[in-house]
Enquirer: 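Please see the structure below; I have some questions.
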Amino acid sequence: MSTRKRVSTIFNHQIPQTIRNSLHWLQTEATHLSPPFLPKPPSYLATNIIKSYFENGQIQEAQILFDEMPRKDVVAWTAMISGYNSCSFHKRAWSLFCAMMRDCRGVVPNEYTFSSTLKACKGMKSQFCGSLVHGLAIKYAMPGCIYVDNVLLDLYATCCGNMDAASMLFGEIGTKNAVSWTTLIAGYTHQDDGYGALQVFRQMLLAGEELNPYCISIAARACTSIGSYMHSKQIHAIVVKNGFESNTPVMNAIMDMYCRCGSLGEADVCFHVMTEKDLITWNTLIAGYEKSYPNKSLKIYSRMELEGISPNCFTFTSILAAVANLAVLSFGEQVHGLIVKRGLEGNLELDNALIDMYAKCGNIMDSRKTFDRMPSKNLVSWTSMMIGYGSHGYGKEAVDLFDEMVKSGIMPDRIVFMAVVGACSHAGLVEEGLRYFTSMVHDYNIKPEQEIYGCVVDLLGRAGRVEEAYELIKSMPFLPDETVWAVFLGACKMHKRPELGKLAVSRVLELRPGIAGTYITLSNLCAADGNWREFAAARKLMRRLGNKKETGRSWVELQNEIYCFVAGDKVGSHMEWVYRVLEKLLQHMKDAGYFPELDYFLHDLEDGT
DNA sequence: ATAGGGTTAG
């Protein structure tokens, strides 16, 4: 059925048969009627219909009706602009605004038009269009209208990340309302500046502005980015005090906040107390457990299915991440199956999660297949694929992928540089890795921070260029943190450099005391050096700490069973098999010309750690 | 008749 035909069918259903003719008649012929007899202008009706078309997702129908309107007033134009916004066709909304301004019939935009158009600019993430409209808005004397002011604020804060401009605009708003405050706070959280956000939140409370659910959930989000338990508790208290405990979106934000500052227990309590859970409630808890207790994530998911709640893309992204953490390929394949069955294939974020899952479960081929199948990729897709290649030792592939990505016009960020340098590091491609590091700083003007320095130190360190790594650390434009020293320590250990190693240990201990693993490394370094007195001292220090290094566990999956074991394990009926497999592996290793490094292994074992 | 702020992922 052609679209035009469908339009008339819908007309027949929704409004009387004659309406289309009447519309036309009213607009062309009825203008001579005197006021008391003048019916409501016909464009009211048409505009209403346009609105309801958009609400039902019938976009083409709306456009056709609009095109047929003989006289388009500003309200009709604005309804079209906001309609296109509502279905995320921001570019269409923008071109409608341009068309309206070009229209020779001289339609004058009003405050509604400006707020809708500015929203479209935000949707397009176009600072350029935004400034343009800002200028026009000033020309039409729009600032002063709170709706226009707020969306301008939103544009500068959330879309351009220009908090200076945003604060200035905020200061210029004469009578701020709750939306102004929330928008400013949201801008700070968007910049990951939780402290800035909470500061504004505090000012808002001091200014006597009344609290509302929107603003509470955004404040909770600010806490999330700080990761502070104390602040979280305070926000939760505000929720209780103001009686927002029954507001589902607010409680979702509170749960998310607890999950992200590591208080899963508190999140769980909130979850059980909530009487009205929505899909986001479930998704939040599943995502919360994904990192530290992936199996629990899966359990919550199955309970969700039992309660008849239908999962969406968000749910499956977290589930895939949980499966990736468990590294059980057969689970991952099942989840992939579920996604296909639910018809959720082709979602960008899901595909990204699939790339990551297959790589972490050891199936790099299916990672690549997913990657190649994607109709459009974003930076995360490329990065996930590179990380996958890196962890599988395919440095060359990662490097090629990086170059291909740049050629396809995607702008690299610091994380993708970490991915490619990391991949070079694991594959021994030292020169390439250094080249990317230099390129990041010089060609892309990205300021290096701790993490990327850690990657480069690792790159040099692994390759045995320990001195160079040390020089790099010394030349860093800020004080290296414990992660950088820990990476360096690994290199010293690997290449038997006890002197530099001890230096690294002392730095790590200064910056982050209380980690048993550091003492173990220290003692091993002393042992390798033959210095048994220092060895004993290090071990003693560690015991006084009373904090045991978490046992390193290994597992194999055989015929739907997972067999878990630790070094030196003797119990369990399956251990006999484990040792048999181990012997085979050792033989393969030796055949390939590798010999086990026992130095450190023995000492680690001795403590029963 | 047309306009507003709150869940992903490397």
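In what follows, chains carry the letters A, B, and so on, assigned in the order in which the sequence lines appear, proteins first and then strands, with residues in each chain numbered from 1. Everything quoted here is computed from the prediction, not taken from an experiment.
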Enquirer: Name the closest nucleotide to the A:Ile415 side chain, picking from B:dG5, B:dT8, B:dG10.
Expert: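 Per side-chain heavy atoms of A:Ile415, the pick is B:dG10.
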
Enquirer: Once side-chain contact (heavy atoms from CB on, under 4.5 Å) is applied, do any residues pair with A:His134, and if so which ones, sequence neighbours excluded?
Expert: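 Partners of A:His134 by the side-chain contact (heavy atoms from CB on, under 4.5 Å) criterion, ordered by chain and then number, come out as A:Ile138, A:Leu152, A:Tyr156, A:Leu169.
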
Enquirer: Ignoring the backbone of A:Asn177, work out which of B:dA3, B:dT7, B:dG4 is nearest its side chain.
Expert: B:dG4

Enquirer: Identify whether any heavy atom of A:Asn378 sits under 4.0 Å from a base atom; if not, whether one sits that close to sugar-phosphate; answer base, sugar-phosphate or nothing.
Expert: nothing

Enquirer: Can you tell me the distance, in whole Å, between the CD1 atom of A:Ile218 and the C1' atom of B:dT7?
Expert: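 It works out to 11 Å between those atoms.
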
Enquirer: Could you say whether the aromatic ring of A:Tyr214 and the base of B:dG6 stack, counting only centre distances under 5.5 Å and plane angles under 30°?
Expert: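 No, the aromatic ring of A:Tyr214 does not stack with the base.
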
Enquirer: Looking across every strand, which nucleic acid part, if any, lies under 4.0 Å from A:Val151 by heavy atom: base, sugar-phosphate, or nothing?
Expert: nothing

Enquirer: Indicate whether any N or O donor in one side chain lies under 3.5 Å from an N or O acceptor in the other, for A:Asn283 and A:Thr315.
Expert: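 Their side chains do contain a donor-acceptor pair, which is all the 3.5 Å distance test asks for.
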
Enquirer: Check the distance between B:dT7's P and A:His190's NE2 and give it to me in whole angstrom.
Expert: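 Going from NE2 in A:His190 over to P in B:dT7 covers 8 Å.
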
Enquirer: Closest to the A:Ala178 side chain: B:dG4, B:dG5, B:dG6?
Expert: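 Of all the options, the side chain of A:Ala178 is nearest to B:dG5.
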
Enquirer: Across the strands shown, which category fits A:Leu379 at heavy-atom distances under 4.0 angstrom: base, sugar-phosphate, nothing?
Expert: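 Base contact - A:Leu379 has a heavy atom under 4.0 Å of at least one base atom.
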
Enquirer: Out of B:dT2, B:dG6, B:dG4, which has the shortest distance to the side chain of A:Tyr112?
Expert: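 Nearest to the side chain of A:Tyr112 among the choices is B:dT2.
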
Enquirer: Among B:dA1, B:dT7, B:dA3, find the nucleotide with the atom closest to the side chain of A:Ser115.
Expert: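 The listed nucleotide nearest to A:Ser115's side chain is B:dA3.
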
Enquirer: Can you run down the ring-ring contact (aromatic ring centres under 6.0 Å, His included) pairs that involve residues 63-84 of chain A, sequence neighbours left out, and say none if there aren't any?
Expert: A:Phe54-A:Tyr84, A:Phe66-A:Trp77

Enquirer: Roughly, in whole Å, what's the span from CG in A:Asp278 to P in B:dT8?
Expert: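 So the two atoms are 14 Å apart, to the nearest Å.
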
Enquirer: Is the backbone N or O of A:Ala76 less than 3.5 Å from a side-chain atom of A:Asp73, with the two atoms forming a donor-acceptor pair by type?
Expert: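 Yes, the answer is positive, given that a donor and an acceptor are paired below the 3.5 Å cut-off.
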
Enquirer: Given side-chain contact (heavy atoms from CB on, under 4.5 Å), test A:Phe271 with A:Lys277 step by step and report yes or no.
Expert: CA-CA 8 Å; A:Phe271 182 79; A:Lys277 301 181 178 71; 3.6 Å; yes

Enquirer: What does A:Asp256 touch in the nucleic acid at a heavy-atom separation under 4.0 angstrom: a base, only the sugar-phosphate, or nothing?
Expert: nothing

Enquirer: Only counting residues at least two apart or in another chain, list the ones meeting ring-ring contact (aromatic ring centres under 6.0 Å, His included) with A:Tyr112.
Expert: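 Counting only residues at least two positions away or on another chain, A:Tyr112 forms no ring-ring contact (aromatic ring centres under 6.0 Å, His included).
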
Enquirer: For A:Ile146 and B:dG5, give me the distance from atom CD1 to atom C1', rounded to whole Å.
Expert: 12 Å

Enquirer: Ignoring hydrogens and angles, are the base of B:dG5 and the side chain of A:Thr182 linked by a donor-acceptor pair under 3.5 Å?
Expert: yes

Enquirer: Is the count of non-hydrogen atoms from other residues, nucleotides or ligands lying under 6.0 Å from A:Phe371 atom CZ greater than 12?
Expert: yes

Enquirer: Taking A:Asn56 for its side chain and A:Gln58 for its backbone only, find out whether a donor-acceptor pair lies under 3.5 Å.
Expert: no

Enquirer: Roughly, in whole Å, what's the span from CH2 in A:Trp77 to P in B:dT2?
Expert: 18 Å

Enquirer: Between B:dT2, B:dG5, B:dT7, which nucleotide gets closest to the side-chain atoms of A:Arg221?
Expert: B:dT7

Enquirer: Near DNA chain B, which residues from residues 381-388 of chain A have a heavy atom under 4.0 Å away?
Expert: A:Thr383, A:Ser384, A:Ile387

Enquirer: Would you kindly give the CG-to-C1' distance between A:Leu211 and B:dG5, to the nearest whole Å?
Expert: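 Going from A:Leu211 (CG) to B:dG5 (C1'), I get 14 Å.
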
Enquirer: Which of residues 240-251 of chain A sit near DNA chain B, with a heavy atom under 4.0 Å from it?
Expert: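 Correct list: A:Asn247, A:Pro249, A:Val250.
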
Enquirer: Does any donor-acceptor pair link the side chain of A:Asp413 with the base of B:dG10 at a separation under 3.5 Å?
Expert: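 Check passes, donor-acceptor contact within cut-off.
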
Enquirer: Check the distance between B:dT7's P and A:Leu285's CG and give it to me in whole angstrom.
Expert: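 Distance check: A:Leu285 CG to B:dT7 P gives 18 Å.
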
Enquirer: Answer yes or no: are there more than 12 heavy-atom neighbours, outside A:Arg373 itself, under 6.0 Å from its atom CZ?
Expert: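 Enclosed.
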
Enquirer: Across the strands shown, which category fits A:Ser82 at heavy-atom distances under 4.0 angstrom: base, sugar-phosphate, nothing?
Expert: sugar-phosphate

Enquirer: Give A:Asn85 one of three labels, base, sugar-phosphate or nothing, depending on what nucleic acid heavy atoms sit under 4.0 Å from its own.
Expert: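 Nothing, no heavy atom under 4.0 Å.
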
Enquirer: For A:Val273, give me all partners under side-chain contact (heavy atoms from CB on, under 4.5 Å), at least two apart in sequence or on another chain.
Expert: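 So A:Val273 forms a side-chain contact (heavy atoms from CB on, under 4.5 Å) with A:Val269.
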
Enquirer: Side chain of A:Asn312: nearest nucleotide among B:dA1, B:dA3, B:dT7?
Expert: B:dT7

Enquirer: Go through B:dA3, B:dG6, B:dA1 for me and flag the one nearest to the A:Tyr44 side chain.
Expert: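 The nucleotide sitting nearest to the side chain is B:dA1.
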
Enquirer: Rounded to whole Å, please give me the gap between CD1 in A:Ile173 and P in B:dG4.
Expert: 16 Å

Enquirer: If you only use heavy atoms from C-beta on, which nucleotide in B:dA1, B:dG5, B:dG6 is closest to the side chain of A:Thr183?
Expert: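 The answer is B:dG5.
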
Enquirer: B:dT7, B:dG10, B:dA1: which one has an atom nearest the side-chain heavy atoms of A:Asp356?
Expert: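 Closest nucleotide to the A:Asp356 side chain: B:dG10.
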
Enquirer: Show your reasoning for whether side-chain contact (heavy atoms from CB on, under 4.5 Å) applies to A:Met80 and A:Lys72.
Expert: CA-CA 11 Å; A:Met80 287 302 287; A:Lys72 303 172 175 64; over 6 Å; no

